[in-house]
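Note sheet for the following structure.
Keep in mind it's a predicted model, so treat the numbers as computed, not measured. Residue numbering restarts at 1 for every chain, and letters A, B, ... go by the order of the sequence lines.
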Amino acid sequence: MTTVFITLLCIPSFVGASVCVTYTMWSIAPSASCGPFRQLKTMIQAGKRWVEELERVNPNLSVLARAHSYLVEHPFSCLSEPASFSSKRERLVNNLQNLSVGDRERMLRGMPLSLGVKSELRQEASQQERQTQSTRQIPCCSRLKYYIIIAARHGWYSWLSFLHSLQLWQVALKRVSGRFGTGVLSYFIFLKTLLFFNLFLFLVTGAFLVLPQVVHPPDPPPKNLLFTGLELLSGAGYFTDTVMYYGYYCNYTLHSTCKDHEAYIISTANETRLECPSKLSYNMPLAYFFTIGASFFITCIILVMSKSFGQSFRIDKSHSILAMKVFCSWDFKVSKKTSVELMSENICTQIKELLAEVNHKMKKKKALEVLWRATVHGLAWAICIASTVGCAFGIYFFSEYMHKNLERESRSITKEKPIVVEASMLALPVVVSVINLLVPGLFNAAAWMEDYDSPSFRTYVAISRNLMLKMSVLGVLCYHWLGRVAKSPELIGLQCWETFVGQEFYRFLIIDFIFTLLDTLFGEFLWRLGVLFTPILPAVQIIKLFLLFYIKKGSVMMNCQAPRKPYRVSQMTTVFITLLCIPSFVGASVCVTYTMWSIAPSASCGPFRQLKTMIQAGKRWVEELERVNPNLRHLSNNHLLPQSVVDGQRKIINLLQEQIQNEGDDKKWLITRLQSIHEQRRTPARKLTRLKLLMEQLLLWKNWTSSSLEVTRNKPGD
Amino acid sequence: MGTTASQLGKELLSEYQELTFLTKQEILLAHKRFTELLTKDEKDIPNVRIPMERILTLPELKSNPFRKRICLVFSTSEQKDGSLTFEDFLDLLSAFSDSATLEIKSHYAFRIFDFDDDGTLDFNDLQTLVNCLTGETDETRLTPEEMSQLINNILEESDIDKDGTVNLSEFQHVISRSPDFVSSFKIVL
């Protein structure tokens, strides 16, 4: 019991706490009149000042940071200038020696030298280090420590190489990228990321929820219905009373069965009972609650901290478009000859267009043309919004009709065959999937009418319209499940509304897969919300993603040509992750929070039966802990919000952007000043003027350094 | 440091792992592909050097317009003929790998685009670069007026010290503003 609780406590609270502490140290200004960081702009300045102090004391350390940039500027100066070669090389080896092994490796890796040279440098650095170290005896306990550290590093590297060896779909991805480029590849990489995500969360729910329940089935054994093929589609029937659904899970603490010879008898004043010496007990409602909460929290952290999200949005809209186009646009991954030719053609067209744009800078658009384009855009958006609203209402009324049907069915005396009832439940998912399939076609027609200039802008508009449709459909469905079914389940003869809702999710997931292969986002939302009611749903989603990858790949290879107008890749991955994060995750967490907070669980099934709301399970446990240890009371008053992480990061990004811009401007200004001074110097001048110029130069340097320090010092406080 | 063509020793493997950005699997795959390019006689020679023509038969490089420059840049041969040893090959893959830093990639990109190897990108280098990008066919080539206009614009945008050439720092300054560069400057075996 204690092990499980400590694990469940560690993941959310530790991660959340460390995130908050980091944000506090990085961004929040400490009080000016108390504490160890008073008078500093941020707490992290304490560390930075110490590093600066070290660099002042030992100038070699600051050389380290510049050593690698020196080598970047003069890559072969070490080897091609024999006179200064040995001294520079010696200096480099000295610097390498002063670093720890890990830092040394990282620095060597980052140097643009050949492997032979790097290996020699490494040998020289470690030889000299060994010489200085051999003079002092390493005591045996620190030798043991080194062995342990070395063993740990070996273990870590082998775990990393194991992870890399699970190269899922490596060959397939290579073929796609060779033919279509990095843009199309980003979609498939997105699928792969989703798969691993689902796998990880399935392991979490499987280990903490499914496994204990499978090992200890609930006490009154459930009645077993016959298995017919329809269960795979409808999720009801045989699957109803299994670990698939919420209703199967117990609401009491599971105990391990103990053998008779191990048990001992405890007799107290009131009773005698058998006690097992090994008390392995597992509080199922608490585990259910915490596992769902922890999986959401971990998802949030992973999404916020994900690399693609961070590398996202372009900083400045560029003064150097042509230079960037020429230097950065060649995609080295493309290997098929026809694709390479196509890419060359594209680049040529783009360069010509950009040149034309640069030449005719101000293209004065006639007022009439602007008005016409505005009307067309307005009309297209009106069509899209009208169709979305129409579909939402359609689903609302259709779901109400289905609901009324079920009510009538439960009240009537002559019951229909259960298989007919189950088949009719498939109607709503089919209708929703048909809408998801057909309406985006209408959006495409509207976009064709609008005739956008840039393909990426057209893609974003299409994505946002689709998103609008999906979100409104999902909103209506959530209302139907949480607002209608959950409020009064007895009207449709349900004992366990959570299992019913779980089955609905299962049906939607399966039908959605059959109908629309593009709807990964829809599936993701369903899965995230559905995991509360159907813990095994991630497994279904995994199978679906797996099949989706192969089907999509086949379709792309057979049907598509390389794109005529190439996409900007960095934004694609960001857009995908953003779409995953904001609507599906946030929407799903809102729904789950609402369900846990307000809706009353069924009285006769599931791990939260007999409680007023699901969140009471957690509250009761906290009260239990507080009773045992009164010190914990004040801990429960701190609420950790993941929102603060996002705010902190946004603030940091803004500050860094400003800093980069300022540094760029300063650099340019300084270089022009130096240039003008050099030009003045070239003209014959008297010594006094030259001296004056040098003094001026020195003053400029001083002003520049002090002003930039001023700027950076003032910034974090704003 | 020698590499026998048949097997890669454990020590060597870990050294390569530590000094390059490649994982163990990538190094082993690179070794396999490299030995496939060797003739029967060459398989026993340590530190064997494969001539450029054979390297260029690799499907990843075959259609790349910069293939010759890539071989010349990563070659450590004294004759500057573009022949690669296994370690040069690993250097190549490391610079083009997923985990290589922006500094390394931009450094090698600069050297690849520097067709005359003088340490700066002058007018002729840029002209050759644009011709490589736009392809060999006549339809896709730029006219001389467009070419000179393009190169003047590039120099205006990126040449900060106004010496008529783009040096490494200026090149890296331009590259650092583009988030696409890191994802497009990749070759995976």
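- Considering CD of B/Glu145 and CG of A/Leu355, their distance stands at 11.5 Å, rounded to 0.5 Å.
- No other option in B/Ile187, B/Ile160, B/Ile154, B/Leu133 has as many heavy-atom pairs under 4.5 Å with chain A as B/Leu133.
- Interface residue B/Val188: backbone and side-chain heavy atoms are both found under 4.5 Å from chain A.
- With hydrogens and angles disregarded, a donor-acceptor distance shorter than 3.5 Å links the side chain of B/Ser63 to the backbone of A/Ser335.
- Using a distance-only test at 3.5 Å, with no hydrogens or angles considered, no donor-acceptor pair links the side chain of B/Asp91 to the main chain of A/Ser114.
- In summary, the side chains of B/Glu15 and A/Ser119 do present a donor paired with an acceptor at a separation below 3.5 Å, with no hydrogens or angles considered.
- Between chain A and the residues B/Phe74, B/Phe113, B/Phe21, the most heavy-atom pairs under 4.5 angstrom are made by B/Phe21.
- Taking CG of B/Asp180 as the reference point, atom NZ of A/Lys325 lies at 8.5 Å (rounded to 0.5 Å).
- Within 6.0 Å of atom CD in B/Glu36, more than 12 heavy atoms from other residues, nucleotides or ligands are found, so the atom counts as buried in its surroundings.
- For B/Lys162, the NZ atom counts as densely surrounded, since its 6.0 Å shell holds more than 12 non-hydrogen atoms of other residues, nucleotides or ligands.
- B/Pro65 and A/Trp330 get closest at one heavy-atom pair: CD-CZ2, 3.2 Å.
- For the atom pair CG (B/Asn64) and CG (A/Asp331), the distance works out to 10.0 Å, reported to the nearest 0.5 Å.
- In this structure, chain A has no heavy atom under 4.5 Å from any part of B/Leu155.
- For a residue to count as touching a neighbouring chain, one of its non-hydrogen atoms must lie under 4.5 Å from one of that chain's; by this rule B/Lys186 touches chain A with backbone and side chain alike.
- Neither the backbone nor the side chain of B/Leu61 has a heavy atom closer than 4.5 Å to any heavy atom of chain A.
- Ranked by heavy-atom pairs under 4.5 Å with chain B, the first of A/Lys333, A/Met343, A/Glu120, A/Glu341 is A/Lys333.
- The pair A/Lys174-B/Glu60 counts as a salt bridge, with a side-chain nitrogen and a carboxylate oxygen less than 4.0 angstrom apart.
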query: Do A/Cys348 and B/Leu142 pass the side chain to side chain contact (heavy atoms under 4.5 Å, CB included) test, and can you show the C-alpha distance, the side-chain angles, and the key distance before you say yes or no?
result: CA-CA 8 Å; A/Cys348 178; B/Leu142 297 179; 4.3 Å; yes

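- Heavy-atom distances place the side chain of A/Val340, and not its backbone, under 4.5 Å from chain B.
- Heavy-atom pairs under 4.5 Å with chain B peak, among A/Ile671, A/Ile347, A/Val326, at A/Val326.
- Residue B/Leu150 touches chain A through both its backbone and its side chain, counting heavy-atom pairs closer than 4.5 Å.
- For A/Lys352, the NZ atom sits in a packed shell: over 12 heavy atoms of surrounding residues, nucleotides or ligands are nearer than 6.0 Å.
- B/Glu18 and A/Arg122 are joined by a salt bridge, as a carboxylate oxygen and a charged side-chain nitrogen come within less than 4.0 angstrom of each other.
- No side-chain heavy atom of B/Ser184 sits less than 4.5 Å from a side-chain heavy atom of A/Phe332.
- For the options B/Thr76, B/Thr101, B/Asn153, B/Thr20, heavy-atom pairs under 4.5 Å to chain A are most numerous at B/Thr20.
- For the pair B/Val174 and A/Met324, the tightest heavy-atom approach, listed with the atom from each and the gap, is CG1-CG, 3.8 Å.
- The line from CZ of B/Arg177 to CD1 of A/Ile660 is 10.5 Å long, rounded to the nearest 0.5 Å.
- Proximity to chain A is limited to the side chain of B/Tyr108, based on heavy atoms less than 4.5 angstrom apart.
- A/Phe327 and B/Phe171 have their aromatic ring centers within a separation under 6.0 angstrom.
- Only the side chain of B/Phe96 has a heavy atom closer than 4.5 Å to any heavy atom of chain A.
- With hydrogens and angles disregarded, a donor-acceptor distance shorter than 3.5 Å links the side chain of A/Lys118 to the backbone of B/Leu19.
- Taking CD1 from A/Ile351 and CD from B/Glu146, the interatomic distance works out to 10.0 Å, rounded to the nearest 0.5 Å.
- Between B/Asp161 and A/Gln675, the shortest heavy-atom contact is O-NE2, 3.5 Å.
- For chain A, the nearby part of B/Leu189 is the backbone; its heavy atoms alone come within less than 4.5 Å.
- In this structure, the separation between OG on B/Ser158 and CG on A/Leu322 is 9.5 Å, given to the nearest 0.5 Å.
- Contacts of A/Leu354 with chain B are absent, with no heavy-atom separation under 4.5 Å from either backbone or side chain.
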